[in-house]
Amino acid sequence: MQIGPHLLKNNLVVAPMAGVTDRPFRMLCKKMGAGLAVSEMVTSNSLLYGSAKTLRRANHEGEVSPISVQIAGADPQMMAEAARYNVDRGAQIIDINMGCPAKKVCNVMAGSALLKDEPLVAQILRAVVNAVDVPVTLKIRTGWDKANRNAIAIARMAEDLGVQALAMHGRTRACAYTGDAEYDTIAAVKQSIKIPLIANGDITTPEKAKLVLDHTGADAVMIGRAAQGRPWIFREIEHFLNTGTHLLPPTVTEIHTVMLEHLHDLYDFYGVETGVRVARKHISWYTKGLVGSANFRHEMNQLPTMEMQLQAINSFFAQLHEQGERLQYVALSDAEALAA
């Protein structure tokens, strides 16, 4: 799939997730097979540009191209300024958030709340596209609620105004993450536009990725929650799409190494104190569903230092290695996999 001048190595995209898709996670997912990873949401409020959080989110040192940064806001000129700010700091693609259903975002008329106001959507898209010389992409939902699905109108507008790819979560804002994703709506949008369409929602397995691509005609799939703790899902999906067969589960030794490298990246990126706190959720995701992991996760959340975290992980993986060469998961339903 191509976005502007950027030819992606495949059609697998990491969804932007607040508090998850930081630089260490994006770099890991790309290493494990993703063709593109979109950053967690960056505010368009210029008053926050100097905050430690915003500066950290604008740090792309060592990140593999193309670098896609998602911006959020409801004021066209502030969004244009945010786009320029991030391009000046290394962004090669600017993604506009009109998909987030979170109340704190929608209450300020940003994220998916914007779908209620099509004239404002047009103003924001026009301002951002005109502000930068890199490709602009857009993330939307199917509409505000089930009585107001306007994804086709928004998609056509985006294409007309110069947006170069569209990602679409197959639910309305009102649905949040409940119910089934609307793949029929995604298919209808795909039929109405010529720019690449990336399908998102409930894609938890290689089989589901193929089903969604086949059903919707989408050019790519976007994986969010299913990649938390299982970044190798991208290479598993790519292998299945190419061959129709499954890779063997990863070895305990490989994932032990992957996990340790990820944690050290977190400690370096955030500093040790914050890194230890951020690491806890990733450790929980990595081990969710593994045989014998419930007690480990409970104890892990009580450990206050980097050294104690690393020691506990080494002990846990030593136990896993005694059980077999490869990771062994307790079977999870789709809903449980997403909740994990």
Side-chain angles (χ1 to χ4, degrees), residues 14-31 36-75 77-97 99-100 102-111 128 131-132 134 139 224-225 227-229 231 259-286 300-301 303-310:
V14 186
M17 294 177 283
V20 181
T21 49
D22 53 20
R23 190 187 74 192
F25 187 75
R26 295 194 303 273
M27 291 174 69
L28 174 59
C29 288
K30 288 177 179 179
K31 185 178 178 181
L36 179 68
V38 186
S39 79
E40 56 186 329
M41 186 172 61
V42 177
T43 180
S44 64
N45 187 343
S46 60
L47 296 176
L48 299 179
Y49 285 174
S51 72
K53 180 184 287 186
T54 300
L55 289 172
R56 194 162 52 229
R57 289 181 177 180
N59 181 344
H60 306 289
E61 185 178 343
E63 189 168 352
V64 176
S65 175
I67 297 165
S68 177
V69 174
Q70 186 181 79
I71 59 174
D75 180 273
Q77 291 314 307
M78 286 176 65
M79 289 287 279
E81 289 171 16
R84 284 191 288 264
Y85 173 88
N86 283 284
V87 169
D88 288 345
R89 282 153 184 79
Q92 297 169 309
I93 297 171
I94 292 293
D95 186 58
I96 299 174
N97 181 339
C100 179
K103 287 183 180 179
K104 68 179 181 180
V105 175
C106 289
N107 285 347
V108 293
M109 283 306 291
V128 174
V132 293
V134 303
K139 174 88 185 285
R225 289 170 290 167
Q228 294 173 358
M259 191 173 176
L260 290 177
E261 289 177 354
H262 186 189
L263 296 190
H264 281 293
D265 282 349
L266 291 173
Y267 302 146
D268 290 343
F269 186 64
Y270 288 99
V272 172
E273 184 176 349
T274 301
V276 165
R277 293 199 300 271
V278 173
R280 287 180 185 138
K281 61 187 175 187
H282 287 280
I283 295 166
S284 180
W285 290 329
Y286 272 110
M300 173 58 65
N301 287 331
L303 301 179
T305 69
M306 175 183 73
E307 291 78 12
M308 294 172 78
Q309 275 189 347
L310 295 174

Indicate the atoms forming the closest heavy-atom contact of [X] with [Y], along with that distance.
X: Ala91; Y: Val69; value: CB-CG2, 3.6 Å
X: Pro66; Y: Ile93; value: CB-CD1, 4.1 Å
X: Ala279; Y: Leu263; value: CB-CD2, 3.7 Å
X: Arg225; Y: Met17; value: N-SD, 3.7 Å
X: Gly73; Y: Ser44; value: CA-OG, 3.4 Å
X: Pro231; Y: Cys29; value: CB-SG, 4.1 Å

[Y] backbone acceptor or donor facing [X] side chain under 3.5 Å:
X: Lys281; Y: Gly19; result: yes
X: Gln70; Y: Asp95; result: no
X: Arg280; Y: Gln309; result: no

Please round to the nearest 0.5 Å and tell me the distance separating atom [atom1] of [X] and atom [atom2] of [Y].
X: Met27; Y: His60; atom1: CE; atom2: NE2; result: 12.0 Å
X: Asn59; Y: Arg56; atom1: CG; atom2: CZ; result: 9.5 Å
X: Gln228; Y: His282; atom1: CD; atom2: NE2; result: 8.0 Å
X: Glu81; Y: Asp75; atom1: CD; atom2: CG; result: 8.0 Å
X: Lys30; Y: Arg26; atom1: NZ; atom2: CZ; result: 7.0 Å

Hey, are the side chains of [X] and [Y] touching, using non-hydrogen atoms and a 4.5 Å cut-off?
X: Asp22; Y: Arg57; value: no
X: Met259; Y: Ile283; value: yes
X: Met41; Y: Lys139; value: no
X: Leu28; Y: Asp265; value: no
X: Ile96; Y: Met79; value: yes
X: Val276; Y: Pro304; value: no
X: Val14; Y: Phe25; value: yes
X: Val87; Y: Arg84; value: no

Chi angles and distances behind the side-chain contact (heavy atoms from CB on, under 4.5 Å) call for Met78, Asn45: CA-CA 7 Å; Met78 286 176 65; Asn45 187 343; 4.0 Å; yes
His262 and Tyr286 aromatic ring geometry - parallel, tilted or perpendicular at 30°/60° bounds: perpendicular
Criterion side chain to side chain contact (heavy atoms under 4.5 Å, CB included) against Ser68, the qualifying member of Val38, Asn86, Val134, Thr21: Val38
Derivation and outcome, side-chain contact (heavy atoms from CB on, under 4.5 Å), residues Leu310 and His264: CA-CA 10 Å; Leu310 295 174; His264 281 293; 3.8 Å; yes
